[in-house]
Amino acid sequence: MRAQAGMKLLTHNLLSSHVRGVGPRGFPLRIQATEIRVSPVDFNPDFVTRMIPKMEWTALVEAAESLGHLSELPRQLKEGYEKDEDFLRKVHHVLLEVEVVEGTLQCPESGRLFPISRGIPNMLLSDDEATS
Amino acid sequence: MEPKAAAQLERRHVHEVYESTAAYFSDLQGKAWPRVRQFLLEQKPGSLVADIGCGTGKYLRVNSQVYKLGCDYCGPLVDIAHSRGCEVLVCDNLRLPFRDRSFDAIISIGVIHHFSTAQRRTRAIQEMARVLAPGGQVMIYVWAMEKNHRHFDKQDVLIPWNPALCSQLLAEPAPSGRKPVCGQPRATPDRSPHRLACSVCGYPMYLAKRRESQWSHSLDGSGTPGCCRELAEVRDGDSGFYSILGKSFRSWFFSRSLDECTLKEHVEEAEYVAEEWAPCHPVSVQPSKLHHLDLGDQEPLSKEQDDAIAPGLIQTAEWRLAPGVPRPLPRVPHKDTQNQQQGGCFLSQSTMEHRCRSACPGGTGKQATSQLWKRSSLPPPFISLAAAMSTGASQAEAPDSEAFTRYYHVFREGELSCLVEQHVPELRVLSSINDHGNWCVVAEKKPAMMAR
């Protein structure tokens, strides 16, 4: 297994801030990346097709855009995307090949910053900050 | 226990231990539990799977068709998993940083038993249920109170971390350039040497090097615990307990627990031995030799240790001693005396490698044991005698062992599934089995309309 450099955007799409009081408004976290890496990953169209429905599409597009890797991804999912290999490859690239090595993830509601260092996000909160 | 005390206990006896010992985990490939592997392999391609409490990520490499995300509270362990190519992050099981219903499957292997209150254990499961998609399944493994031939006396226990694990690693270059933490032992107030003396026979417990690369699984707590058993009862509801537990007291407990464990009958199954729990036995000591080392009069438990023991705490400790041993300290029930008499400190080299197995069957053991028990505490001179006897023992600097006890809440039969049924309405328990001393529960997230 090749070495992992950083947080993938697929992972980012699952992350939500749990600062006290923010609830669902803690998603999505805003990425501020100081170091990004692009690492090739084998394309598996079936995998991508299955993954798309699990993603929050708008958040994925915004994240890709913030990293400068929007690469013509449509802002809205079109019908029949499962058969569009070109589209699937773009999604594959954004989900799995773009990695944030250094940066921060910001809670959109509270502004709280979570660091990403050496590719690993740290989502720990202090007791005061966390939901009880 | 109030939340703060619970968190403190976990910081001291879970997080700090894992953080300090993480460097030793990197080359110790844990063996994956087959059932967990199977659970992961059964997930549909394209599934999102979370390993909550992933440790060094041994399950994150199972099933390449699914997307696996691991998380752990312990930064150093996460670093190791990351270095192996896993997608990981640091977070708290009690506050998972994921949106609702995001994962198709979740595993929690050897994690929940580290939470020190029922409320926290419940909360951990509730969080996992929250981030599970409807129809998704969660598999939870925790240590069981009931095991094949042995059992814990109490549910809340402190288990010593086996310093023998360090011996090999200290001799090797640190993994990925990281300095072994054990190289800087913490100073103890009594400046005790970094070696354990069996307080029964006084034999120093030499840390022999690992023979084979089979210190396998369960270093991240997921395996069957070996013979080292409870160290002390952690009295629930007494938040002051921990703070007044002095260092020397803990040290005494620790060394006691090691020889306690050798006196119980333990049979480990071949594959699921938690090598980390293999006690530090004196090396190459044969039973026949021990018979000759009769020190004569029975001695009370070490005098110097008496002072270290905080009064008022003793009542919480339960020690099992063989009959005939004087007990200047409080009453200890005689449990499993049969078992005790079959065990012994004098296990041979081969047993040290893998199994905690009685090397003195039947009558011989009985005799030797009762003699051993007489030597309940030994002045330093005896240690050197033992040193002269043992051959080829390698003695390694160990980390301050007393510092590495881990807290566990071991679960009674049905406890985990009841907890889920009563407190996590979104989950329905599908199965609950005892897998080599662990309770394994699989539960499914009910479809949204049924959850309430």
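We name chains A, B, ... by the order of the sequence lines, and we start the count at 1 in each one.
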### Task
I would like to know whether B:Gln65 and A:Phe47 meet side chain to side chain contact (heavy atoms under 4.5 Å, CB included); could you show each step before the answer?
CA-CA 7 Å; B:Gln65 299 299 302; A:Phe47 180 93; 5.9 Å; no
Shortest non-hydrogen contact from [X] to [Y]?
{"X": "B:Phe98", "Y": "A:Ser16", "value": "C-CB, 3.9 Å"}
{"X": "A:His18", "Y": "B:Pro97", "value": "CE1-CB, 3.5 Å"}
{"X": "A:Lys8", "Y": "B:Glu87", "value": "N-OE2, 2.8 Å"}
{"X": "B:Val88", "Y": "A:Pro121", "value": "O-CD, 3.5 Å"}

### Query
For B:Val66, is it the side chain, the backbone, both, or neither that has a heavy atom closer than 4.5 Å to a heavy atom of chain A?
backbone
### Query
Is it the backbone or the side chain of B:Asp100 that comes under 4.5 Å from a heavy atom of chain A, or both, or neither?
neither
### Query
Just wondering, do A:Ile120 and B:Asp79 contact through their side chains at under 4.5 Å, heavy atoms?
yes
### Message
Quick check: do B:Leu48 and A:Leu14 have side-chain heavy atoms less than 4.5 Å from each other?
### Response
yes
### Query
So what's closer than 4.5 Å to chain B heavy atoms on A:Ser17: side chain, backbone, both or neither?
neither
### Task
Decide yes or no on side chain to side chain contact (heavy atoms under 4.5 Å, CB included) for B:Val78 and A:Asn122, but give the supporting numbers first.
CA-CA 10 Å; B:Val78 170; A:Asn122 187 326; over 6 Å; no
### Message
Given 3.5 Å as the limit, does a donor-acceptor pair link the side chain of B:Arg99 with the main chain of A:Asn13, or not?
### Response
yes
### Query
When you look at B:Tyr67 and A:Leu95, which way does the side chain to side chain contact (heavy atoms under 4.5 Å, CB included) test go after all the steps?
CA-CA 11 Å; B:Tyr67 189 82; A:Leu95 282 178; over 6 Å; no
Answer yes or no: are there more than 12 heavy-atom neighbours, outside [X] itself, under 6.0 Å from its atom [atom1]?
{"X": "B:Gln119", "atom1": "CD", "answer": "no"}
{"X": "A:Arg112", "atom1": "CZ", "answer": "yes"}
{"X": "B:Arg130", "atom1": "CZ", "answer": "yes"}

### Query
Highest number of heavy-atom pairs under 4.5 Å with chain B: which of A:Lys54, A:Glu56, A:Met55?
A:Lys54
### Task
Nearest 0.5 Å please: distance from the CD1 atom of A:Ile116 over to the CG atom of B:Leu89.
9.5 Å
